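Residue numbers begin at 1 in each chain, while the letters A, B, ... track the order of the sequences. All of these numbers come straight from a predicted model, not from anything done at the bench.
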Number of protein chains: 2
Amino acid sequence: MKNKVKQLREQYGLTQAQLGEKVNVSRQAINAIEKSKFDPSIWLAYDLAEFFNMTIEELFEFEESERK
Amino acid sequence: MKNKVKQLREQYGLTQAQLGEKVNVSRQAINAIEKSKFDPSIWLAYDLAEFFNMTIEELFEFEESERK
DNA sequence: TTTATATGTAAGGTTAACCTTACACAGGGA
DNA sequence: TCCCTGTGTAAGGTTAACCTTACATATAAA
């Protein structure tokens, strides 16, 4: 699903691996979410949104996303 | 995880099965979420929050919940 | 009492969201 | 040129979020 993770991660000057450490997932998981390869679990969505100081709905663009 | 689904569902006068139909999951899935047997997918969380006209963060109480 | 509805739960199956390991490639610096 | 870092991706495994079917129980209505 569409999201702002890559954009925000770069604004924060972090690599995928570093962001993964912050939210306790692998760098591949971060990559997959940025590339829309799979949807995050609700906890990962929450952790990412919290890290970037926004709501889940702001970070993940449900309206503009296709549902698998 | 803790959530307000049961309370809101009853306010709306719906059965678990009826709510399941609204958000396209089985009544067992609704039951499991109400009883905190498993966490919703991000899309189900979104659909439920949208149905009850609130955000995911309002419907699901992350702060007060334990993480599996 | 019988019947219908709502809920709770269990079993067994499928799928997707993770994991680790591994490899390829691009760009930058020494 | 040679590394080193960052990214992209694939394979194979585990687990949890669903599914359907089924059964038990409680309550309310007939």
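Taking only side-chain nitrogens and oxygens, K37(B) comes nearer than 4.0 Å to OP1 or OP2 of dA10(C). The side chain of Q16(B) contributes an N or O atom lying less than 4.0 Å from OP1 or OP2 of dG8(C). Between S41(A) and dC18(C) there is a side-chain polar atom (N or O) within less than 4.0 angstrom of OP1 or OP2. Applying the 4.0 Å criterion to OP1 and OP2 of dG8(C), one finds that K35(B) has a side-chain N or O inside that range.
Contact of the L44(A) side chain with the I33(A) side chain is registered, since non-hydrogen atoms from C-beta on lie closer than 4.5 Å. Side-chain contact check for R67(B) versus N24(A): every heavy-atom pair is 4.5 Å or farther apart. The closest side-chain heavy-atom distance from Q18(B) to K22(B) is not below 4.5 Å.
Put simply, CZ on R9(A) is 12 Å from C1' on dG8(D), counting in whole angstrom units. Going from atom CG of D47(A) over to atom C1' of dC18(C) covers 14 Å, rounded to whole Å. As rounded to whole Å, 9 Å separates atom P of dC18(C) from atom CG of D39(A). Rounded to whole angstrom, the span from the CD1 atom of I33(B) across to the C1' atom of dG8(C) amounts to 15 Å. If you take CD1 of I42(A) and P of dT15(D), they are 22 Å apart, rounded to a whole angstrom. The CZ-C1' distance, from R67(B) to dC18(C), rounds to 15 Å in whole Å. Here the P atom of nucleotide dA17(D) and the CZ atom of F38(B) are 7 Å apart, to the nearest Å. Between the CG atom of L14(A) and the P atom of dT5(D) there is a distance of 17 Å, given to the nearest Å.
If you take CD1 on I42(B) and CG on D39(A), they are separated by 7.0 Å, rounding to the nearest 0.5 Å.
Among the nucleotides dG8(D), dA17(D), dC18(C), the one closest to the side chain of E34(A) is dG8(D). In this structure, of dA17(C), dC18(D), dC18(C), it is dC18(D) that holds the atom nearest to the side chain of P40(B). Considering only the side chain of T15(A), dG6(D) comes nearest among dG6(D), dG8(D), dT7(C).
Listed by residue number, the members of residues 23-32 of chain B with any heavy atom below 4.0 angstrom from DNA chain C are R27(B), Q28(B), N31(B).
Residue-environment remark: CD (E66(A)) stays at or below the threshold of 12 foreign heavy atoms within 6.0 Å.
Ring planes of Y46(A) and F62(B): parallel class, angle under 30° (limits at 30 and 60°).
Here the options are K4(B), K2(B), R9(B), the test is salt bridge (charged side-chain N to carboxylate O under 4.0 Å, His left out), and the partner is E34(B); only R9(B) passes.
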